[in-house]
Amino acid sequence: MAVIVDSPRAGDRSAGDRRRHKELVREAIRENIADTIADHSIIGRSPKEIIRVPIKAKKEPAFHYGSNSNRGVAPGKGSEKAGDVIGDLDEGIGEQGRAGDQPGDDIYETEIDLELGEILEMMFEDLELPNQTRKFLKETVLEKERRPAGYRRYGIRPRLSKKKTIQAKAKRLSATKKVRREMGVEEEKESLIIENDLRYKKIEITIKPDSNAVIFLIMDTSGSMGMVKKYYARIFCFLFYSWIIRKYYNIDLVFIAHTTDAKVVDEDHFFHRGESGGTMISSGPLKVLELVRQKYDPALFDIYAFHCSDGDNWPQDNKNAVEAYKKLCEIAARVGFGEINPEDDPWPSPSEPMGDILEREIRSPEFKVVRITNKEEIWPAVKELLKENEGGSK
Amino acid sequence: MNWSFQELVAWADKIEKRYLDHYAKYGFSFYPQEFRVVDYHGMLSTTSYLGLPFHYPHWSFGKAYELTRTRYKYGVQGLPYEIVINSNPAIAYLMNQNMLVAQILTMSHVYGHNDFFKNNHYFKNTDTGNIVERFRLHAERIKEYVADPTIGYKKVERIVDAAHAIAFQIRRNIGSVELTAQEEKKRMIEESKPKRGRWFHLAPKKKTELPDITRVPIRPEEDILRFIIKYQPILQDWERDVLEIVAQRSDYFLPQMITQIMNEGWATFWHYKVGREIGLTQGQLLDLHRMHAAVIVQAPYRPVNPYKLGFLMWNNIFDRYENAGEEISSGGRGFETIFRIRATERDNSFVRNFATKKVLEEMNLLEYGPRTDRKIEVKAVARSEDESWKNVRDALAASCGISRLPRIVVVDANYRGRNELLLFHCYEGRELKDDDAVATLKYIWNLWNKRVVLITVIHKDDLVPQCWVYEIEGKKNDPKIKSEKHCDKTGCPVYKYTVDGKIEI
């Protein structure tokens with residue numbers, strides 16, 4: 001006789017283990033924060049936003065057979081003959097890839113929902129930013145103005161207007177003099193202030209009407225951008241942005257990608273290179289100038305521009321680039337040129353790097369060249385770039 | 001859901017009765033069967049813990065759960081509709097949302113597995129009456145270690161992680177008897193003594209060389225897990241206990257791994273037979289066939305479906321022996337033969353001895369291998385004009401069952417006189433995946449606490465085998481890994497290690 005038992009779910013057996021696994025993956029993300037940042041749009045987003053990070057399951061290694069031994073027995077279509085090619089060592093057999101019981105990289109959908117703020121925190125830790133700075137970067141402070149705007153009957157103690165309160169009492173007393181006489185209210189009571197008399201100052205908060213800025217981020221997208229470069233570039237742009245946004249009510253963010261000519265793109269495209277072709281650095285600032293003419297009147301907008309590049313330029317273009325930048329410096333509050341060359345990512349440049357040329361030729365106070373070779377240099381570079389701005393505020 | 005509990009019980013009894021009345025006489029026998037009806041979540045959970053009602057906690061089961069759930073959600077993988085464990089009574093799980101015919105098919109299938117567990121020779125050592133309780137106690141003990149303030153879950157997790165990495169580097173010699181170390185030493189001494197053959201007194205006197213019987217291990221040891229338990233001097237008792245728990249879990253699963261094709265094929269064979277014999281209606285039979293087809297589906301270039309291969313093989317064996325004349329006489333007729341085979345074989349021998357050209361052709365099997373231009377080409381096909389189909393059969397026999405697991409042995413626990421652990425990979429043509437091998441070595445090094453050396457063979461890009469060595473050493477938490485060419489002997493000393501104690505390195 002078979003025994004059949006009805007056992008609907010009694011508690012969730014796997015809950016603890018699933019939680020622990022998620023924790024371990026989160027730790028892994030923390031350790032590899034560079035990857036996460038490199039892969040997600042972070043600029044211009046609120047720290048409260050949730051980013052879904054699809055996570056790779058934590059690996060369970062064991063002794064397995066590798067792909068160079070991709071040999072074995074498999075079911076085919078029946079029409080194959082000895083000598084037919086049915087795949088290659090990198091992809092496995094068949095059109096879709098590997099047969100055999102090789103454990104692949106298990107990517108599965110359980111994503112970790114991380115607040116952007118958390119990711120930023122991990123990134124700041126990675127950069128070893130001082131706590132003060134971290135706090136500072138996470139806040140958004142708007143340029144606000146407080147104007148006195150009359151009085152009201154409720155408010156906080158520090159805003160109590162004594163003068164007006166006394167006046168209100170005096171008004172009340174004089175208005176009710178006759179009534180009080182008739183009702184026989186005593187004189188002493190007259191000196192008391194009652195609730196209705198209280199008056200508080202009213203403050204109106206207005207946003208400065210001319211608090212507008214536009215940030216142009218320019219990227220040289222010729223050639224390939226490795227994970228490390230992407231990470232640095234993204235962090236730099238993010239920090240640059242975070243700093244500037246504190247001062248303005250309204251910021252427009254424009255991403256410009258260029259090779260030999262420039263076009264406006266979105267954040268994802270900006271950080272995903274892959275176009276080949278020559279580099280004409282001048283196309284970046286020229287595009288900026290064009291957009292400024294069309295949309296961003298320097299009288300209404302504070303203009304910031306930052307150009308990330310490997311440093312290589314088509315030599316004929318150098319002169320144009322210098323000219324373009326000079327023009328840009330005339331109208332911008334700040335222009336930066338960043339050479340991002342991670343140490344382990346060497347590309348020997350055949351010609352003089354752009355940064356050197358620009359530094360030499362352009363002597364405006366608004367212009368700054370920074371060079372970043374490792375992640376410890378990113379934050380100092382941002383600070384340096386924005387240094388003069390700290391003192392002066394609008 | 002179109003069934004009631006009573007109906008389910010009635011069908012279960014009908015199935016059991018069919019097996020007992022008609023097939024017990026050929027040898028069909030099973031442990032008392034218990035079915036547990038669970039919901040979808042229960043099934044996911046159960047799958048993650050491999051069907052065992054009790055199991056020690058570990059994050060890898062959380063991962064398995066998520067993975068299974070995702071794959072199921074996207075239709076990449078169907079939930080196993082059946083899970084049954086090798087225990088007495090045999091516990092099996094049914095998903096409550098499945099239709100009646102699915103349950104009938106599942107139950108018939110489960111009895112097939114039950115019979116296999118009870119009768120196949122490689123399962124003899126499993127203590128089925130107590131295994132569930134044993135696992136429960138294991139789980140309890142590990143939880144106690146986790147709760148113990150002097151240990152805590154991080155330390156336990158560290159050990160379990162390491163144990164899992166080498167979980168299947170355990171003794172694989174089920175059913176065979178090995179000499180103990182003492183016996184082995186005696187044998188080696190005996191063999192080294194000069195033989196007194198007929199012309200003994202004429203032969204020039206040779207100095208007797210005593211074999212080195214002091215090496216630990218005396219002969220290469222494949223049970224790395226237990227070796228560490230026994231010979232690592234500074235492991236805590238609780239650590240040894242945890243390692244032993246994992247080793248015993250592997251012992252339990254090993255027979256299932258080495259008989260996967262046979263076992264699944266067996267259960268499929270029986271669900272298909274009995275399913276059609278217990279009086280389903282036409283409509284129900286249609287459903288049965290449809291579900292059966294899904295079980296034995298096989299797409300080209302995907303892994304061999306053991307359900308299909310096994311099913312075809314059992315049918316093929318049955319037909320051949322049932323309809324044979326007196327030529328294949330000693331085995332008997334169809335049923336007798338298949339019952340005998342299911343008791344004595346394991347996948348490697350099953351395929352090698354009983355796979356015919358017809359079965360291989362039906363599955364369109366082919367043998368493939370690498371080429372120097374980094375392409376993969378077909379080496380032999382089942383559908384051959386000549387005898388080359390046998391290559392396919394032999395390749396399959398050499399790569400299924402236990403052969404899916406690389407064999408790594410401990411060769412010396414005091415390598416270079418410095419208590420370093422020397423491991424050989426018993427290379428048989430396939431190389432280890434390098435990043436996993438290094439990661440696993442790290443875990444072994446975590447346990448062994450001194451340098452660990454692995455000698456293996458890798459294939460360079462031109463596919464020429466090259467003897468290779470990985471070494472891990474360093475301070476705790478700061479491993480240094482060396483990975484380099486070992487020697488110039490292609491085909492490598494790994495092959496040449498000899499049992500009499502001489503290892504040429």
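In what follows, every chain begins at residue 1, and chains take the letters A, B, ... in the order their sequences are listed. As the structure is a prediction and not an experimental result, all values here were calculated from the model.
- Here the straight-line distance linking atom CD of Glu157(B) with atom CG of Leu24(A) works out to 5.0 Å at 0.5 Å rounding.
- Interface remark: Leu405(B) contributes backbone atoms only to the contact with chain A (heavy atom separation under 4.5 Å).
- Note that CG of Leu8(B) and CG of Asp6(A) are 9.5 Å apart. Values are rounded to the nearest 0.5 Å.
- If you measure heavy-atom distances from Ala64(B) to chain A, you find no contacts under 4.5 Å at all.
- Heavy atoms only, all atoms of each residue included: Arg69(B) and Arg18(A) are closest at NH1-NH1, 4.3 Å.
- Atoms CZ and CZ, on Phe61(B) and Arg13(A) in that order, are 9.0 Å from each other to the nearest 0.5 Å.
- To the nearest 0.5 angstrom, Lys81(A) atom NZ is 11.0 Å from Leu366(B) atom CG.
- With a 4.5 Å cut-off on non-hydrogen atoms, Ser48(B) does not touch chain A at all.
- At a 4.5 Å heavy-atom cutoff, the contact between Gln298(B) and chain A is made by side-chain atoms alone.
- Using cut-offs of 30° and 60° for the angle between ring planes, the His425(B) and Tyr65(A) rings count as tilted.
- A pairwise comparison of heavy atoms in Asp13(B) and Ala2(A) identifies OD1-N, 3.4 Å as the closest pair.
- When all heavy atoms of Asn364(B) and Gly78(A) are compared, the closest pair comes out as OD1-CA, 3.3 Å.
- Across all non-hydrogen atoms, the minimal contact from Pro75(A) to Arg302(B) is CD-O, 3.2 Å.
- Atom CG of Leu67(B) is separated from atom NE2 of His21(A) by 8.5 Å, given to the nearest 0.5 angstrom.
- Ranking Phe5(B), Tyr49(B), Tyr111(B) against chain A, the residue ahead of the rest is Tyr49(B), based on heavy-atom pairs under 4.5 Å.
- Contacts of Pro406(B) with chain A are made by both backbone and side-chain atoms, with heavy-atom separations under 4.5 Å.
- Using a 4.5 Å cut-off between heavy atoms, Ile4(A) touches chain B through backbone and side chain atoms alike.
- There is no contact between Phe168(B) and chain A, counting heavy-atom distances below 4.5 Å.
- Of the listed residues (Ser60(B), Ala398(B), Ala12(B)), the one with the most heavy-atom contacts under 4.5 Å to chain A is Ser60(B).
- Remark: Leu365(B) CG to Glu80(A) CD distance equals 10.5 Å, nearest 0.5 Å.
- The two residues Val73(A) and Ala395(B) come nearest to each other via the heavy atoms CG2-CB, 3.5 Å.
- Residue Val304(B) touches chain A through both its backbone and its side chain, counting heavy-atom pairs closer than 4.5 Å.
- Looking at Glu16(B), the atoms closer than 4.5 Å to chain A (heavy atoms on both sides) all sit in the side chain, from C-beta outward.
- Chosen from Val9(B), Asp161(B), Ile408(B), Ile166(B), the residue pairing most often with chain A at heavy-atom distances under 4.5 Å is Ile408(B).
- Contacts with chain A were tallied for His164(B), Gln169(B), Glu367(B), His58(B); His58(B) has the most, counting heavy-atom pairs under 4.5 Å.
- Between Asp17(A) and Pro57(B) the shortest heavy-atom distance is OD1-CB, 3.5 Å.
- Neither the backbone nor the side chain of Tyr31(B) comes within contact range of chain A; no heavy atoms are under 4.5 Å apart.
- With a 4.5 Å cut-off on side-chain heavy atoms, Pro370(B) and Arg71(A) count as touching.
- Side-chain contact between Phe63(A) and Ile444(B) is present, with at least one heavy-atom pair separated by less than 4.5 Å.
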